[in-house]
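Down below is the structure, laid out as structure tokens.
All chains are named by letter (A, B, ...) in the order of the sequence lines, taking the proteins before the strands, and each is independently numbered beginning at 1.
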Amino acid sequence: MSRLRVTDESVYRVRMFKERGYERRKCPKCGAYFWSLKERDDCGDAPCADYEFLINPSKYRSTPLTVAESQDKFLNFFRRLGHEVIKPYPVVARWRDDLYLTIASIVVFQPHVTSGIVPPPANPLVIAQPCIRLEDLDSVGYTFGRHLTSFIMGGHHAFNYPNKKVYFTDETVEYARDFFVKELGIPEDELVFKESWWEGGGNAGPCFEVAVGGLELATLVFMMYRSVDGEYEEMPLKVVDTGYGIERIAWFTQKTPTAFHAIYGDLVKSFHKVLSLGEAPDELLRTAVKYVGRLNPRDPEKYVLLKERVASELGLDVREVDELLDREVKVLALLDLTRTAALMLADGVVPSNTGEGYLARLVLRRLFRLMALLGGLDYGKVAKLFELEAGYWRGLFPQIRGHMGYILDVVDVELSRFKEILRKAPAVIRRFAKKAGRIGVDELITLYDSHGIPPDVVAEEAERLLGLRINIPPNFYELVASKHSRAPIKGRKGKAKLPDEVIRAVKLSNIPETEAIFHKDPYAREFDATVKLAVGRYVVLDRTCFYPEGGGQACDTGVLVFEDGVERRVVNVQKVGKVVVHELDSEVPGDVVGERVHGRIDWLRRYSLMRHHTATHIILGSARRVLGDHVWQAGAEKRVEGARLDITHYKPLTLEEIRRIEDTANRVVDEGIEVKARYMGKYEAEGRYGFRLYEGGVILEPVIRVVSIDEFDAEACFGTHVLNTREVGAVKIVRAERIADGVVRLEFVAGSRVSDYARRLEERLNEVSKILGGEALQRARALTEELKKVRDRLKLFKQAYREAVLSELKRSERRVNGVRVFTHVMRIPDTEVARWVLQKLSSENPDAVALIVIPGSKRLTVEISAGSKVAEVVPANELARRAAKALGGKGGGKATHATLVTDPSVGSDALVNFILNEVRKVLGKSC
RNA sequence: GGGCCGGUAGCUCAGCCUGGAAGAGCGCUCGGCUUGCAACCGAGAGGCCCCGGGUUCAAAUCCCGGCCGGUCCA
């Protein structure tokens, strides 16, 4: 965390500290300033302090609360203070294009509210938001629950606008004090407010970390700066952003040895039972917890130290402590990871190799690995764990139980993938060990990076297979990460489809929003308008029927008629903000600003686009009904000839599923459902339709245009649609393919294009029939049979030819200085046959030299072979080289076999004679 | 979105670095041994070496492009 300050410390001097006599003190351990009523040795927060609340529980008496009770207590307290309770958002942050997961309650209001574009749904408000953070994925459990991958963040937020102040630092601190002291019964003496600085998501501000008994229970952030290029700029909007750890409150009040025991209650026992493991003795955990608060368990050396201390205190063997503690920590981590995975999957994440899908896979892989290490990874057990979570959280997170079918199906698929990696691991490890001669750090990294084999698996297998001892560097995952370049979290692609100067001119001109006739009446084909701006071939009007490219829908084309009476074609239409720019096929003559124009769009093109656009919504809704709630749009394109829709799904579609999607879509078409486009308030629309609205992407506006097909489908959409599904006519899916891990692409046609598609198929079939000479299907069957026969026959002939060439070659035998030499000139050139024959001959006659000339119009090829016995004396490659040099040509090879290529003009006879001569010369010398 | 790895017989893979006549195991077919099965022994069938281009006398092998699959990171 940055210690940068742009504000003086006065911001931390809130009203309450003065009124109630809090003093500002400095922590001798971390140097941070904090406020408390009484003198203290430290700032009261890990790792400066122990888990005091567990070591001396009587000092921190409070009523034990479950997670649900903690949440209720928190929400009700702030409701009584005038905060409106907001329903929690999904853990997958689909409304944001810079984050995958909801990592804090404030994420729910970013960036639309914090940037001032949209007012908050209520002000002030309070929310209990389930959050997911994967930073501590590998060390979950080791801090006994201080770190979790999924947790509920209780946040009360106030948005202070320049003209409307709600409340800020003074009130926030007082609320915190009242909540902890009056509501939870914590003695005020033990409260510590530590001064700190918070930064995140481009915002920053001072904050207080509120710690009690060694546990931070809340963070109170006062977001007031925007960080721009490393500098802080004060924001007009000042936001109270608080985060109360609901699970931590439950832990604190229950004082169980670990947070997991407080959060998961009976589940701790159930998980052990499913895994057939005994629970660690309470005494062991209670002893360990004394050190967990202060030691950083991610530091392996410190962790060893912790175990040693626990062992000596309990009079146990270190190995025993080590085993029991490691095992317990893994089981506890599983409780957290299962919930995290369940929450992500319940929100419809499809595991994949990119985006949030990858994060889901990461959690599942970690979960599987832990189970494998605990000695039992099978689907039945994993499924049981998820079912236990679903049952346990049915009150707070009913969505888990609601999506159990999908969750278990995905777990099954992912487990198979993981097992596949483990199955392949030995072969890959062997290959690496062989290639590199060892398995060092580089090999470990590549094995993990490219093959997904974790280093501990490599070490295990390498020892088992090859007897190799492998050292895993402690900073292994850092090394992996350092291999990858850092890029923006979510890539934004934006290619300008207009020249820069046009965009600049439009922005400078301050032209008001173009009146969208295409929205008011999508059936309007002609219109009159006034020219507002003209730059070269680019024209802006005050109103238009021309739909600009957007939302995956191609733009309209058509004509504009200016006052000179000349029709100019509109070839491209784009948006700059809310201003529509028409690109013409030629420049506009002179100054046309203020002129009246008449426009006409190409109606058939537009109508086809409208039909395909509505069809896309229908297909999406159908896919969701057939496949499940996890189906989201991953991309779409609507063209005149057809459309395509990419959906998230975890396995390839079966033919039956495709047909059911198509049937469902056509039923919706036949039902004749009204397609409504209307403007709604953001929160109203979200409340009514959920985040399904943002299939096509995030919309950062207080009022959004919602296109709905009754209850079947509703999306925030800018496009033009037909008024009734009946107008789509019909839908035909023409292709379904898996384009990426977790993404299936559906291509389809609608309306009259279905007929076009059918005609194309018909024409192709006719063409095939014509070529085959008869009814296509029948002829194809017959021809396939025939082809098989011909192939078999050809094989026989080829065999016969081989034999013939071989026998002719054999007959050509002559003796040159005691060596048998065979020569043959092929009549039907066939390199493959020549090689086969030579191989056969020389293996039967190791004392022979043989050559076959393969004539050709462009070149003359000679394959030369020397039997194993004579190859040393008469190397074939030597012969080829000499001939190439003397006769012109190229050649080479090895001692037993060589190839020579010359110009045909050399002639077969000359070639053969030359080589014979060379053989004679070589043998003459050596004899 | 980017990095890395892979694509050779029905399956699992070797060969590729260092170019020179396509391999192993399993499976399959047939035969032997067996009352039969398994095992064992013997023989055989089975290959656009992912696709396209380039370099070369010669490419599974080297280079470039593409497709497909896997994996890691953001």
Side-chain angles (χ1 to χ4, degrees), chain A residues 97-101 134-135 137 351-359 361-362 365 416-418 420-432 434-437 442-455 476-494 634-635 652 737-742 791-792 795 831-843 850 852 854 856 858-868 871 875-877 879-881 883-885 887-903:
Chain A
D97 57 11
D98 56 341
L99 267 184
Y100 293 123
L101 298 172
L134 300 182
E135 287 86 0
L137 185 62
S352 74
N353 53 6
T354 56
E356 63 269 26
Y358 175 68
L359 299 180
R361 177 166 290 162
L362 201 63
R365 290 262 163 102
S416 307
R417 291 177 79 112
F418 183 69
E420 184 65 12
I421 290 176
L422 293 186
R423 194 187 62 74
K424 282 187 173 167
V428 180
I429 291 167
R430 264 207 200 92
R431 197 167 77 215
F432 267 68
K434 195 180 155 194
K435 210 169 205 166
D442 287 352
E443 284 73 29
L444 276 179
I445 291 176
T446 311
L447 280 165
Y448 178 67
D449 212 16
S450 301
H451 302 275
I453 308 171
F476 178 78
Y477 290 95
E478 281 170 39
L479 291 174
V480 172
S482 67
K483 275 193 64 177
H484 299 274
S485 61
R486 278 162 211 286
I489 303 173
K490 279 191 189 178
R492 275 194 227 194
K493 44 187 170 177
E737 56 176 345
R738 216 174 74 112
I739 57 159
D741 202 4
R791 273 192 177 148
D792 289 346
K795 219 168 173 178
T831 315
E832 208 183 299
V833 168
R835 286 188 176 173
W836 183 89
V837 168
L838 287 176
Q839 191 184 353
K840 181 102 180 159
L841 185 95
S842 53
S843 69
I852 296 181
I854 308 161
K858 282 189 185 139
R859 56 193 199 172
L860 199 58
T861 311
V862 188
E863 297 284 338
I864 308 167
S865 140
S868 55
N877 52 352
L879 292 177
R881 254 201 307 276
K885 208 171 172 187
L887 302 173
K890 288 171 174 176
K894 35 180 215 181
T896 53
H897 179 260
T899 314
L900 167 67
V901 177
T902 65
D903 194 82

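- B:G52 and B:A59 are spaced 15 Å apart, taking the C1' atom of each and rounding to whole Å.
- Between B:C11 and B:C28, the two C1' atoms lie 11 Å apart (nearest whole Å).
- Between B:A21, B:C57, B:U71, one nucleotide has an atom nearer to the side chain of A:N353 than all others, and that is B:U71.
- Counting atom types as modelled, A:D449 pairs no side-chain N or O with a base atom of B:U71 as donor and acceptor under 3.5 Å.
- For A:T902, the side-chain contact (heavy atoms from CB on, under 4.5 Å) criterion is met by A:L860, A:L900, A:V906, A:L911, not counting sequence neighbours.
- Using a distance-only test at 3.5 Å, with no hydrogens or angles considered, a donor-acceptor pair links the side chain of A:N877 to the main chain of A:G893.
- Nucleotides B:A21 and B:C57 have their C1' atoms positioned 15 Å apart, rounded to a whole Å.
- Within the 4.5 Å cutoff, no side-chain heavy atoms of A:I421 are placed close to those of A:H451.
- Residue contacts shown for A:S842 include a base, since a base heavy atom lies under 4.0 Å away.
- Going from the C1' atom of B:C26 to that of B:A14 covers 14 Å, rounded to whole Å.
- Under 4.0 Å is where a charged nitrogen must lie from a carboxylate oxygen, and between A:R423 and A:E420 at least one such pair does.
- The CD-P distance, from A:E420 to B:G6, rounds to 17 Å in whole Å.
- The partner of B:C57, taking Watson-Crick or G-U wobble pairs whose two distances both stay under 3.5 Å, is B:G20.
- Heavy atoms of A:G355 sit under 4.0 angstrom from at least one base atom.
- Across B:C50 and B:G2, the matching P atoms stand 25 Å from one another, rounded to whole Å.
- Nearer the 5' end of RNA chain B, as judged by each residue's closest nucleotide, is the contact made by A:W836, out of A:W836 and A:L900.
- With RNA chain B read from its 5' end, the first of the two nearest nucleotides for A:T446 and A:L362 is the one closest to A:T446.
- Base pairing analysis places B:G52 opposite B:C64; the two distances defining the Watson-Crick or G-U wobble pair are each below 3.5 Å.
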